[in-house]
Amino acid sequence: METLVLTAKIEEVEDRYVARIDDLDLEGIGESLEAAQDELIQVVRAWIESHDGTDTLSDVLADAGYPGVDEDTELQLEFAGAALSVEGE
């Protein structure tokens with residue numbers, strides 16, 4: 001089984017955190033780093049489920065630059081920038 005790793009970037013924007021997969025235009029927003037990550041996980045799950053049974057997931061992923069994904073491909077979500085610096089440290 002092949003694995004496709006989707007990498008999410010995390011940024012602090014004003015007083016909240018934004019976890020985003022730019023290639024797929026998916027994001028999660030939270031008041032903490034963990035809340036933003038959890039939100040994005042839920043968004044990604046819902047997004048995958050919305051394509052389940054429609055045979056469109058591989059097309060959407062190919063359009064986003066991830067060719068060769070099929071129903072046997074495992075999707076894995078990783079977070080980059082999870083070690084954000086805290087002011088005063």
Side-chain angles (χ1 to χ4, degrees):
M1 178 183 297
E2 291 193 34
T3 300
L4 170 62
V5 177
L6 302 173
T7 303
K9 298 177 185 174
I10 302 172
E11 301 175 306
E12 186 171 0
V13 179
E14 297 178 12
D15 61 343
R16 60 189 180 159
Y17 292 88
V18 179
R20 178 179 298 122
I21 304 173
D22 289 327
D23 298 338
L24 299 174
D25 198 28
L26 300 172
E27 72 177 23
I29 300 171
E31 292 184 15
S32 69
L33 183 67
E34 294 80 12
Q37 290 174 330
D38 290 345
E39 175 71 18
L40 182 59
I41 290 168
Q42 295 306 316
V43 167
V44 170
R45 283 183 179 158
W47 178 77
I48 291 170
E49 288 175 9
S50 74
H51 292 284
D52 191 28
T54 65
D55 294 328
T56 59
L57 183 59
S58 60
D59 294 336
V60 172
L61 288 168
D63 289 345
Y66 303 103
V69 174
D70 61 27
E71 61 191 34
D72 295 325
T73 303
E74 178 181 333
L75 299 179
Q76 180 177 329
L77 180 58
E78 286 186 356
F79 291 94
L84 295 173
S85 62
V86 177
E87 279 187 38
E89 287 188 12

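Because the structure is a prediction, the values reported are computed rather than measured.
Residues satisfying the side chain to side chain donor-acceptor pair (under 3.5 Å) test with Thr54, not counting sequence neighbours, are Thr56. Applying the side chain to side chain contact (heavy atoms under 4.5 Å, CB included) test to Val13 and every residue at least two apart in sequence or in another chain returns Glu11, Val18. By the side chain to side chain contact (heavy atoms under 4.5 Å, CB included) test, Asp25 pairs with no residue at all, sequence neighbours left out. Here Glu27 pairs with Arg20 under the salt bridge (charged side-chain N to carboxylate O under 4.0 Å, His left out) rule; sequence neighbours left out. Contacts of Glu74 classified as side chain to side chain contact (heavy atoms under 4.5 Å, CB included), with partners at least two apart in sequence or in another chain: Met1, Thr3.
A distance of 10.5 Å separates CG in Leu6 from CZ in Phe79, rounded to the nearest 0.5 Å. A distance of 11.0 Å separates CD of Glu78 from CD1 of Ile21, quoted to the nearest 0.5 Å. Between the CZ atom of Arg45 and the OG atom of Ser50 there is a distance of 14.5 Å, given to the nearest 0.5 Å. Going from atom CG of Asp55 over to atom CD of Glu71 covers 7.5 Å, rounded to the nearest 0.5 Å.
Side chains of Asp23 and Thr7 form no contact here, defined as non-hydrogen atoms less than 4.5 Å apart. By the 4.5 Å heavy-atom criterion applied to side chains, Tyr17 and Leu40 are not counted as neighbours.
Minimum interatomic distance between Ala8 and Leu77 (heavy atoms only, all atoms of both residues): CB-CD1, 4.1 Å. Closest of all the heavy-atom pairs between Ala19 and Ala36 is CB-O, 3.7 Å.
Pairs engaging residues 49-74 under the ring-ring contact (aromatic ring centres under 6.0 Å, His included) rule: Trp47-His51 [sequence neighbours left out].
Formation of a donor-acceptor pair under 3.5 Å by the Asp70 side chain with backbone atoms of Thr73 is found in this model.
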Quiz item: Should Leu75 and Val44 be marked as a side chain to side chain contact (heavy atoms under 4.5 Å, CB included) after you check the CA-CA gap, both sets of side-chain angles, and the distance that decides it?
Solution: CA-CA 10 Å; Leu75 299 179; Val44 170; over 6 Å; no
